[in-house]
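Protein chains get the first letters and strands the later ones, always in sequence-line order, with residue 1 at the start of each.
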Amino acid sequence: MSHDNSPKKLVYMANQIGKFFAPQKHETAVAGIANHLTKFWDPSMRTKIVRHLSDGGEGLDPLVREAVQTLRVEQSDDAGYFG
Amino acid sequence: MSLITEIDYGTPASRSDKTVTLTIDGMEVHVPEGTSIMRAAMEVGTKIPKLCATDMLESFGSCRLCLVEIQGRAGTPASCTTPVAPGMVVHTQTERLKALRKGVMELYISDHPLDCLTCAVNGNCELQTEAGNVGLRDARYGYAGANHLADKKDESNPYFTYDPAKCIVCNRCIRACEEVQGTFALTIDGRGFGSRVSAGQMESFFESECVSCGACVQACPTATLVEKSVIDIGQAEHSAVTTCAYCGVGCSFKAEMRGEELIRMVPYKDGKANHGHSCVKGRFAWGYATHRDRILKPMIRAKVSDPWREVSWDEAIGHAASEFKRIQAAHGKNSVGGITSSRCTNEETYLVQKLVRAGFGNNNVDTCARVCHSPTGYGLGTAFGTSAGTQDFDSVDETDVVLIIGANPTDAHPVFASRMKKRLREGAKLIILDPRRIDLVRMPHVAADYHLPLQPGTNVAVLTALAHVLVTEGLVNEAFVRERCDWQEFQDWAEFVSKPRNSPEEVAKVAGVPADTIRKAARLYATGGNAAIYYGLGVTEHSQGSTTVLAIANLALATGNLGRRGVGVNPLRGQNNVQGACDMGSFPHEFSGYRHVSNDAVRSIFEKAWGVALDKEPGLRIPNMFDAAVEGTFRGIYVQGEDILQSDPDTTHVARSLAAMECVVVQDLFLNETANYAHVFLPGCTFLEKDGTFTNAERRIGRVRKVMSPKNGFGDWEITMALSNAMGFPMNYAHPSEIMDEIAATTPTFAGVSYAKLDEAGSVQWPCNESAPEGTPIMHIDAFARGKGKFVVTEYVATDERTGARFPLLLTTGRILSHYNVGAQTRRTANVAWHEEDRLEIHPHDAEQRGVRDGDWVKVSSRAGETTLRALVTDRVATGVVYTTFHHPSTQANVVTTDFSDWATNCPEYKVTAVQTSRSNGPTGWQERYREQAEQSRRIAETVEAAE
Ligand code: SF4
Ligand code: SF4
Ligand code: SF4
Ligand code: FES
């Protein structure tokens, strides 16, 4: 595993989440994965995984692909809080 | 402030709800059936002289000082061993009793030195007091006869002495060690006049089985067993009740003081978590508070290779704030964050997350609970709706089957372990799931009925196999499940666990535990009566940590072991305020009270209270922060009370990410390992120097009371406040109680909590609000916090951390009794006497294969790194498994742990690392370089006095 929020590591983490939900019914599993990513991943990580999917999504398990597909890319506000 | 003196009723309270009425010295007394005459008398303020009785212990009846006369009964029975009876008429003072007592006292005194004036417990000695009470004026027997006055002192224990010359052989110490502590370290050696208290087989206290809990010292009515600090300083003149700052048991202590000097910590009998008991850490290991290594002045430096420069508080805070602002202006508001610690008070943790959310304007706040109990939050939150244990500690008194998973209570939660052992001695059954043979598997008067020494990393498989037995053998409590859970979810789960691959026979192959043992353990858990699960970090610190917590919850739901006393699911929290830190909203995705940041209604509560708009997206978790730092998008961090470099996994990676940051601000007592990479150091203070609250593993909120001025000048909450003000986000609290008022106002589960409430009740367990004004000892009584209990399918997924030819052994980590976490505090106390270094436990077979002998230096390497330490050859660990602690920075056990983590929470997988070990000559290159760097980094520039 490489050491940064690089797609490779994020792909690994997303697949790990996927494996937990995999035994559940298909729709529940996809929704569960998407919900988990939205609830616990900060937007920059989500943006990266969404981009990675649009770049082909190498390494993502099928269920996780489906879940990532449902995520919207949020516009992150990069302006400094104090100006 | 005055000295708090607790009444000693002589014998324990009776739990009977039947009342008995009797007359004592002409007064009518009503007490519960089973109460002793001695206690009944004390209830109305009549103190019957006594020596061998004390209310922490069952009565013994040996000293014969407590005699009374009972109308219509012959003789003079001992009031401590005689229970009350209806209509009984008791006289506590008659001519006959007076003479008898004087006679008894005379005998004691004739074998007791009369150096009262210079004795350490002068003014606080029960023998002295009772001699006065019975009117002893003369010892007719003199000292001519045989006596023990020349017996030698045992000063081997670092904290207390044993002076046999002063012993009256009342047996209180021996009974305390048995009944309260459950260690059985003391015996009476010899007979009759020759009988003496002895530790073990005539060993010194230090060499014996004694774990230095202090129960015997507290029980001793004379100066025989006495704290060395009392011998050194003298008796205290005032005291305050406070909460231990070490582990999640949260024991209450009286801090006994003389001026601002702490003399001793005495466990408080009214403390609802500990009922007057303690362990070596809370009782004795507080010397770090005045240790010379403490940093008392703020310091800054431009580069971590520079020496530190002492500066004023204004300069240090101003510098930190301007750095954070500069970084945010250049790299975006999300480029900084903060980490709080389970060692800090609730109020401090709340302020740090408030500073990050409102002051930094992002949600990049996390707490060290990330690396220990975050899966508990996720798992129990999902299953029951509350991220906390379901019971109070007292609940164990009604437990029939104790199931311990991945926890080592006698070392990590000693005072609760003593309670548990008491219940086990009363006959409760015990099941232990642990790769290692922890002490509870077999110790004096306690033996596990089943020990399942599973392979590290197979918790989910084994728990699911237990569930398989429940379902396939018809042991499910269907009535409970139908009423309290979602029936459809249960059925899906039942179908899943029933699959052949989840049977004990299949699981045995991966877990290395006989199928038959799994079956028997499951049957016992389901049918043995009230069954309670206690678990620790051996559950959470795995890639499937959250799944394991869910699997545990499933077992309790399926058997209906929830919602009443004696049962439940109980995470044993590591550090003192793990529960509190989580409650206070220090996770990046949730506000206090476990409410997600994306919840508009909740966010608006805080936006209104704080007057700023808040981010609705979750922030970075600790490991994500490290990764983002290496990537270059995260550049500044405020770390309060946490040593991330030593305690987080994969030290090399943590070091690299800290080195990549532009501003690391560390607030701590000592220049800890993280501070080697810091640019600003803000000296913090100990729990003795500030007010606040801690929340223990049973959700009990206890007060921390300031007993001395902060040596660094400020309470930690004041430092966070100053930083926030300098950042431009105003915070103005005059006292931590005002912070608690804000927590109560914004957090429904804390609505009824205030310092006034805590002063009145002593402590309360959240939820404490309108519907539970006195708090909630047992949760989920009629319904779960989330409504229906949720069954979740728990598929076993083997960790990717696999053994192979290169790394054939599994390393798992843990802790020991005398040290606390990274050891920064306990290493600075005499506790080092018990554990000078971390050792690698290795099975004799594995050791032999590698030519390793006990005490040899060995190298431990994993794919993350390598370190060396000395070996301890023992069959406590199974073949194929090695074990170590992480209390010493020189060992750096986390150099070898990897960055694998829990799928749901990123809690690191500390408990499983594939390693190889081999003999070695000494420290690795990494250790050498690290030591050099640490030395360099800890230099403090000489202050040059400015010329006039
Ligand atoms: S200190 Fe505790 S363990 Fe040691 S002898 Fe006393 S009661 Fe027993
Ligand atoms: S050491 Fe103290 S408690 Fe123990 S028998 Fe002697 S006097 Fe009693
Ligand atoms: S360390 Fe834990 S068990 Fe020991 S005294 Fe402190 S709170 Fe109690
Ligand atoms: S106090 Fe009752 S016999 Fe000692």
Is it the backbone or the side chain of [X] that comes under 4.5 Å from a heavy atom of chain A, or both, or neither?
X: B/Ser335; result: neither
X: B/Ile327; result: neither
X: B/Val793; result: both
X: B/Val597; result: neither
X: B/Tyr378; result: side chain

Between [atom1] on residue [X] and [atom2] on residue [Y], distance to nearest 0.5 Å:
X: B/Thr547; Y: A/Gln16; atom1: OG1; atom2: CD; answer: 9.0 Å
X: B/Asn624; Y: A/Ser44; atom1: CG; atom2: OG; answer: 8.0 Å
X: A/Asp42; Y: B/Asn364; atom1: CG; atom2: CG; answer: 6.5 Å
X: B/Ser543; Y: A/Lys19; atom1: OG; atom2: NZ; answer: 9.5 Å

**OP:** Flag the pair B/Phe587 / A/Phe40 as yes when their ring centroid distance falls below 6.0 Å, and as no otherwise.
**Re:** no
With sequence neighbours left out, what residues match [X] under side-chain contact (heavy atoms from CB on, under 4.5 Å)?
X: B/Glu323; result: B/His319, B/Arg326, B/Cys663
X: B/Ser598; result: B/His596
X: B/Gln488; result: B/Asp486, B/Gln491, B/Asp492

Subject >> Sorted by number, residues from residues 20-30 of chain A in contact with chain B (heavy atoms, under 4.5 Å) >> reply: A/Phe20, A/Phe21, A/Pro23, A/Gln24, A/Lys25
**OP:** Over all heavy atoms of both residues, which pair between B/Pro618 and A/Pro43 is shortest? Give the atoms and the distance, please.
**Re:** O-CD, 3.4 Å
**OP:** Check A/Met13 against B/Arg621 and note the closest heavy-atom contact, atom names and distance.
**Re:** CE-NH2, 4.0 Å
Original post:
Going by an N to O cut-off under 4.0 Å, is there a salt bridge joining A/Lys48 and B/Glu631?
Top reply: yes
